[in-house]
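This report concerns only the one structure given below.
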Protein chains: 2
Amino acid sequence: MLSRTSQYALRSVLFIAENSHARRKVGVGEVAKALEIPKYYLAKILRRLAVGKLIRSSKGPGGGYYLNSEDFDHPLIAIIESVDGPDSLKKCALGLNTCSSEHPCPIHFYIGPFRDSLLQSLSEITVGDALEQLKQEHVFIDNLLTGDEKKKSNSDPDERN
Amino acid sequence: MLSRTSQYALRSVLFIAENSHARRKVGVGEVAKALEIPKYYLAKILRRLAVGKLIRSSKGPGGGYYLNSEDFDHPLIAIIESVDGPDSLKKCALGLNTCSSEHPCPIHFYIGPFRDSLLQSLSEITVGDALEQLKQEHVFIDNLLTGDEKKKSNSDPDERN
DNA sequence: CAAAAAAAAGACTTCTCAGTCCTTTAATAA
DNA sequence: TTATTAAAGGACTGAGAAGTCTTTTTTTTG
């Protein structure tokens, strides 16, 4: 469905969004540990995201990754395409290069609508939207690994971890 | 979306269904050529399908692959799972092993419904259904490669090729 | 300025999927 | 019963994704 790389990317961006701002950045190690992603592999992914201007980075002590306000407006699809290449979702959808609405294969009929609406969702939903959704569900992105739900009573997100 | 292997598998089963019966079997070479699938790779896939009792095979002269009447009742998902392993579609959907309705990630909300209906479609639609669909569209499965539509005026399917 | 901290860069390994080829087994037919 | 035909089985290769490690660059701060 989604490559592991783009799953990592999506989760990381959401985690960084939850846990950072221009004055409180998060490092690769922190993200890797929280989301249980191989650290050095994650570093590469974050670099690609930073090059694509989907997240920000700064070097040196106190450095790390963070989002600025515009970055919350990127659609989720941008993150996927940034790490997996453009059209990665579109081209892997059917497999038949000549399968189309004019020459539909039976699979086309079932998969087509699914892929289209998935694509539309991912293009509409922004990082900010997704974050909002998490908040409404009282879920932190890094909780999804263990399944234990942190109480949202702790006010300062910087205190987590 | 679907692995290339399961795409090969689906198309092959439909092709075999269209072009064979217990007394007129088709060989790997024939399928491979018609569907433009690497022959030796296809052989492996067909073997897995045969072991999974989704298609039949017989050795020796006049041998090859074919479907018997029960085989038309298998849902398409069975073919996919037979070659890609069980739950291949379910588990690749989100990537998060603990993502569930109780602990939904934001992607879950957007992907979930589509994936569920896709999964349901693939579980409902049988090989026979898909074949019916093709017939209604006046399409042969091996036409989907080139896009040129064969006229369905030729009555005996054995005559094709 | 020097030391430390963190990302950036790049070389390298590992694993899985896809694809190829060769040998063996089983079934048919002459 | 022997030759032929086709699947079954297994060894091997290649490409790309995923993962690891080391060195370099940049930035901060004492």
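The analysis underlying the following values was restricted to heavy atoms, covering all of them including side chains, and did not include hydrogens, waters or symmetry mates. Throughout, protein chains are lettered first and strands after them, A, B, ... in sequence-line order, and every chain is numbered starting at 1. All of these numbers come straight from a predicted model, not from anything done at the bench.
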ask   = Could you give the start and end, 5' to 3', of the contact zone on DNA chain C for chain B, using atoms under 4.0 Å from its heavy atoms?
value = dA18(C) to dT28(C)
Check side-chain hydrogen bond (donor to acceptor under 3.5 Å, both in side chains) between [X] and all other residues, then give those that pass, not counting sequence neighbours.
X	value
D116(B)	none
S123(A)	none
S117(B)	none
S12(A)	none

Euclidean distance, atom [atom1] of residue [X] to atom [atom2] of [N] [Å, nearest integer]:
X	N	atom1	atom2	value
L46(A)	dA18(D)	CG	C1'	15 Å
I37(A)	dG19(D)	CD1	P	9 Å
K25(B)	dA7(D)	NZ	C1'	12 Å

ask   = For DNA chain D, which residues in residues 62-73 of chain B have a heavy atom at a distance below 4.0 Å?
value =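 Listed by number, they are G63(B), G64(B), Y65(B).
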ask   = Would you call D84(B) and L2(B) a side-chain contact if the rule is heavy atoms closer than 4.5 Å?
value =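 Of all side-chain heavy-atom pairs linking L2(B) with D84(B), none is under 4.5 Å.
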key: side-chain contact (heavy atoms from CB on, under 4.5 Å) involving A32(B) - partner list, sequence neighbours excluded   = K39(B), L42(B)
inquiry  = Under the salt bridge (charged side-chain N to carboxylate O under 4.0 Å, His left out) definition, can you give me all pairs with a residue in residues 117-135 of chain B, not counting sequence neighbours?
reply    =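 Applying salt bridge (charged side-chain N to carboxylate O under 4.0 Å, His left out) to every pair that reaches into residues 117-135 of chain B, excluding sequence neighbours, yields nothing.
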inquiry  = Using heavy-atom distances to pick each residue's nearest nucleotide on DNA chain D, tell me which of G60(A) and T5(A) is more 5'.
reply    = T5(A)
query = What pairs of residues pass the side-chain hydrogen bond (donor to acceptor under 3.5 Å, both in side chains) test when at least one of them lies in residues 40-49 of chain A, not counting sequence neighbours?
reply = T5(A)-Y41(A)
inquiry  = Does anything in residues 65-78 of chain B form a side-chain hydrogen bond (donor to acceptor under 3.5 Å, both in side chains)? List the pairs, not counting sequence neighbours.
reply    = R56(B)-D71(B)
ask   = Hey, does R47(A) reach any base, or is it just sugar-phosphate, or nothing, if we go heavy atoms under 4.0 Å?
value =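 Base contact.
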Taking only nitrogen or oxygen atoms into account, show me every contact under 3.5 Å that the protein makes with nucleotides 20-24 of chain D, one pair per line with its distance.
{"unit_1": "dT20(D)", "atom_1": "O4", "unit_2": "K44(A)", "atom_2": "NZ", "d": "3.4"}

